Visitor: 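Take this structure, written in structure tokens, and hold onto it; I'll ask about it next.
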Amino acid sequence: GQCLECNPGYELMPDGSCRPYECTPNQADAGCKTCQPLESRRSDQQCASCSEGFTLAGDNVSCIAVECTTGPGHQCRRCTSDRTQ
């Protein structure tokens with residue numbers, strides 16, 4: 001097709017077609033536990049919630065790894081995931 005504009009959740013491709021933004025939930029170490037509904041996505045991999053060891057970034061749609069450092073004082077005694085340093 002020769003689209004001028006795509007519906008929400010779709011990206012306009014160079015050939016004039018509309019491609020749905022992709023998101024794969026529950027991938028090991030990928031971040032997204034659940035994905036935003038298709039019609040809410042504005043790019044690929046937009047998350048609604050994050051897998052263990054990840055947290056939503058400032059944009060509220062991407063997941064970033066949570067770092068945890070064990071040690072004395074203000075550092076953690078134990079971490080909630082396997083992401084210790």
Side-chain angles (χ1 to χ4, degrees):
Q2 291 297 316
C3 300
L4 181 61
E5 187 177 347
C6 295
N7 289 306
Y10 292 81
E11 174 183 28
L12 184 61
M13 302 304 290
D15 68 358
S17 65
C18 294
R19 175 190 76 87
Y21 288 118
E22 297 177 3
C23 183
T24 307
N26 296 316
Q27 282 187 314
D29 262 9
C32 286
K33 182 176 184 178
T34 60
C35 297
Q36 290 283 336
L38 177 62
E39 62 276 4
S40 297
R41 295 181 205 154
R42 301 292 173 253
S43 64
D44 291 331
Q45 287 304 109
Q46 291 204 316
C47 308
S49 66
C50 301
S51 299
E52 184 177 340
F54 292 83
T55 189
L56 283 172
D59 62 6
N60 283 328
V61 292
S62 59
C63 294
I64 54 172
V66 174
E67 298 299 331
C68 179
T69 303
T70 57
H74 71 282
Q75 296 175 330
C76 297
R77 181 175 178 187
R78 291 187 325 166
C79 296
T80 59
S81 71
D82 61 358
R83 298 187 180 285
T84 56
Q85 293 182 336

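This structure is a prediction, so every number in the text was calculated from the model and none was measured.
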Visitor: Does the distance from C32 SG to C47 SG come in under 2.5 Å?
Guide: yes
Visitor: Mind running side chain to side chain contact (heavy atoms under 4.5 Å, CB included) on T34 and S49 for me, showing each step along the way?
Guide: CA-CA 5 Å; T34 60; S49 66; 2.5 Å; yes
Visitor: Roughly how far, to the nearest 0.5 Å, is the CG atom of D44 from the OG atom of S62?
Guide: 12.5 Å
Visitor: Do C63 and L56 have side-chain heavy atoms sitting under 4.5 Å apart?
Guide: yes
Visitor: Please step through side chain to side chain contact (heavy atoms under 4.5 Å, CB included) for the pair N7 and C18, ending with a clear verdict.
Guide: CA-CA 8 Å; N7 289 306; C18 294; over 6 Å; no
Visitor: I'd like to know whether Q45 forms a side chain to side chain contact (heavy atoms under 4.5 Å, CB included) with C23, so could you lay out the CA-CA distance, the side-chain angles of the two residues, the decisive distance to 0.1 Å, and finally the verdict.
Guide: CA-CA 4 Å; Q45 287 304 109; C23 183; 4.0 Å; yes
Visitor: Quick check: closest heavy atoms across L38 and Y10, and the distance to 0.1 Å?
Guide: CD2-OH, 3.4 Å
Visitor: For the residue pair R77 and T70, what are the closest heavy atoms and their distance?
Guide: O-CG2, 3.9 Å
Visitor: Within this structure, what is the SG-CE distance for the pair C3 and M13, rounded to the nearest 0.5 Å?
Guide: 12.0 Å
Visitor: What's the separation between atom NZ in K33 and atom OG in S51, rounded to the nearest 0.5 Å?
Guide: 7.5 Å
Visitor: Nearest 0.5 angstrom please: S17 OG to E11 CD, how far?
Guide: 9.5 Å
Visitor: Roughly how far, to the nearest 0.5 Å, is the CG atom of N60 from the CD atom of Q36?
Guide: 8.5 Å
Visitor: Decide yes or no for P20 and R41: does some side-chain heavy atom of the first lie under 4.5 Å from some side-chain heavy atom of the second?
Guide: no
